[in-house]
Structure formats: structure tokens, C-alpha cells
Amino acid sequence: DQQVKQNSPSLSVQEGRISILNCDYTNSMFDYFLWYKKYPAEGPTFLISISSIKDKNEDGRFTVFLNKSAKHLSLHIVPSQPGDSAVYFCAASAGSNYQLIWGAGTKLIIKP
Amino acid sequence: KAGVTQTPRYLIKTRGQQVTLSCSPISGHRSVSWYQQTPGQGLQFLFEYFSETQRNKGNFPGRFSGRQFSNSRSEMNVSTLELGDSALYLCASSLAGPLGGNTEAFFGQGTRLTVV
């Protein structure tokens, strides 16, 4: 039973346009969410996070939106750049539980 | 400062053998977590260690074990290897406190294990 789901295995976006990556979760106890980016042959790197007390967090070109009632979060990248091509993972945790639950990842391809 | 270091980077083992992977966290980080990444499965949590104690464990069989030393370095061991154990094994370190809380995790480059 996947508690964190990224239903799109891949996404192709034109350079300069907006990339929207989606993530759904089932566990209502999750209260902290993170997005990581992974290039081939490298470990994931932290991008942005959001606590359940917020519904939006921005960092430069990256914005994460959280809809608690829908148990859905999304990562917006504006404008998309070629260097954004990577696999994006969302992850969630619940309170003092030290375990991060990860989605399967979405491969983002930015077309020139 | 140096990042998370995992050794070896690549490993080929035969079914039935055992393997030990090593992870050196960022200096000062006391929490080390291990993950398995396979195509289409994302990152599966194996276990997390903090101050030499296993704090949390994922849903993997007992063939997968780990430990952490007093210098926070961690090792992961897989015994009686199976073909399905072929994967990228990632280690992540973070400062004291919950890995999934407000503490960012830093990942190593991983060890690519191939079981033949």
C-alpha cells in the first residue's frame, strides 16, 4: 500500500514554461513534506519542504503547494530550465516518526 | 565540508553471498538512514540509526541489517543475496533530531549493487 504516490512516471515540458509535479498521500498523520531532485548517478538533493501548517512555500523558481483536504501537494517550477531535467521525488513524514515515506518519482524532461 | 561518502560505488556479487556497504555521514551529523532504490519503486526506507541505535526500520527482511559506530559511520549488510537485491543503495545523513522533521537530509552518491 503506497502511502505516497506520484502517478506520473514522466513529464515533458517546454523550456521557459511551467512544470507542475504532483504528489498524493493517504496518511492523514503526515505533517511534513519534502521534494528532492535526483540526477543520474547522484544521490537525491533537497529542493524544498512544507509543513502542514502552511499551504504554500516558495524558494526562487520553486513553489510547493499543499492541499490538506485533498491530501495533495504539487511542485511548480517557473520558468523551467534545461538543468531542471531530473527525477523528482516527494516524501512525507509524520510527527516524531523518523521515517520518510517516498513516492516513486517523476522524471521531468525539459525540451529546448 | 565533505559530503556523505558511500563505498564502494559499484559492486557485483553472486547469489547467496553477503555484502557490506559503508556510509560516512557529514561531520557532525548523527543520524544516518539507508534506502534502496529500484526502477519504478522510488526510494524504499531500510532503517535509520542515531547515536549507534536503530531508531526506525522499514519493511525489509532480516537479511538486511545495519549498524552505526561511535563516529557515526554506518554499515549496511545484506546476507544470502538474491537477484532482487540488485539496486542502488543510498545513505542519507542529517543533524540530530528527526530525519523527516525540519532537518534536511543529505544523500551520498549511492552504491550500485548487482547480484548475478
Side-chain angles (χ1 to χ4, degrees), chain A residues 1-10 21-25 27 29-54 57 59 62 64 73 86-108, chain B residues 3-7 9-10 21 23-26 29-51 53-60 68 87-112:
Chain A
D1 176 37
Q2 279 190 300
Q3 296 186 62
V4 177
K5 298 177 187 178
Q6 292 178 258
N7 292 317
S8 299
S10 67
L21 297 134
N22 294 304
C23 181
D24 297 295
Y25 62 96
N27 189 341
M29 299 300 290
F30 287 149
D31 59 2
Y32 192 67
F33 305 88
L34 307 93
W35 283 95
Y36 278 77
K37 175 179 174 179
K38 186 182 184 301
Y39 293 117
E42 293 183 14
T45 53
F46 172 77
L47 255 184
I48 191 169
S49 64
I50 188 166
S51 162
S52 60
I53 61 173
K54 293 185 171 183
N57 190 24
D59 184 1
F62 302 91
V64 57
L73 64 154
V87 177
Y88 289 78
F89 291 97
C90 73
S93 71
S96 60
N97 187 319
Y98 308 121
Q99 180 177 344
L100 273 175
I101 308 295
W102 297 78
T106 296
K107 184 176 183 178
L108 176 64
Chain B
V4 179
T5 305
Q6 289 187 249
T7 56
R9 287 292 311 280
Y10 302 94
L21 311 182
C23 173
S24 293
I26 290 171
H29 285 194
R30 295 163 65 191
S31 170
V32 174
S33 292
W34 287 89
Y35 296 87
Q36 181 195 66
Q37 186 190 5
T38 52
Q41 292 296 315
L43 289 157
Q44 304 292 321
F45 174 77
L46 280 152
F47 26 68
E48 188 244 354
Y49 286 87
F50 180 81
S51 292
T53 300
Q54 187 181 87
R55 281 201 299 199
N56 210 343
K57 189 176 189 302
N59 296 321
F60 277 80
Q68 187 180 34
L88 178 68
Y89 290 88
L90 289 159
C91 150
S93 79
S94 66
L95 289 168
L99 176 67
N102 297 317
T103 305
E104 178 186 335
F106 295 83
F107 283 83
Q109 289 185 293
T111 295
R112 171 74 63 186

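The chains referred to below are lettered A, B, ... by the order of the sequence lines, with proteins before strands, and numbering in each begins at 1.
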| said: Are the side chains of B:Ser33 and A:Leu100 in contact, using a 4.5 Å heavy-atom criterion? | reply: no

| Under a 4.5 Å heavy-atom cut-off, does chain A meet the side chain of B:Leu43, its backbone, both or neither? | both

| Of the backbone (N, CA, C, O) and the side chain (C-beta and beyond), which part of A:Pro9 lies under 4.5 Å from a heavy atom of chain B, both, or neither? | neither

| query | If you count heavy-atom pairs under 4.5 Å with chain B, which of A:Lys38, A:Glu42, A:Gln6 comes out on top? | reply | A:Lys38

| Non-hydrogen atoms of chain A under 4.5 Å away: do they reach the side chain of B:Gln6, the backbone, both or neither? | neither

| request: Under the ring-ring contact (aromatic ring centres under 6.0 Å, His included) rule, collect the residues that match up with A:Trp102, sequence neighbours excluded. | output: A:Tyr36, B:Tyr35, B:Phe107

| Side chains of A:Ile48 and A:Asn57: closer than 4.5 Å at any heavy-atom pair? | yes

| field | Partner set under side-chain hydrogen bond (donor to acceptor under 3.5 Å, both in side chains) for A:Trp35, not counting sequence neighbours | value | none

| request: Heavy-atom distances under 4.5 Å only: say whether B:Arg9 touches chain A with side chain, backbone, both or neither. | output: side chain

| request: Flag yes if more than 12 heavy atoms outside B:Lys57 fall under 6.0 Å of its NZ atom; otherwise flag no. | output: yes

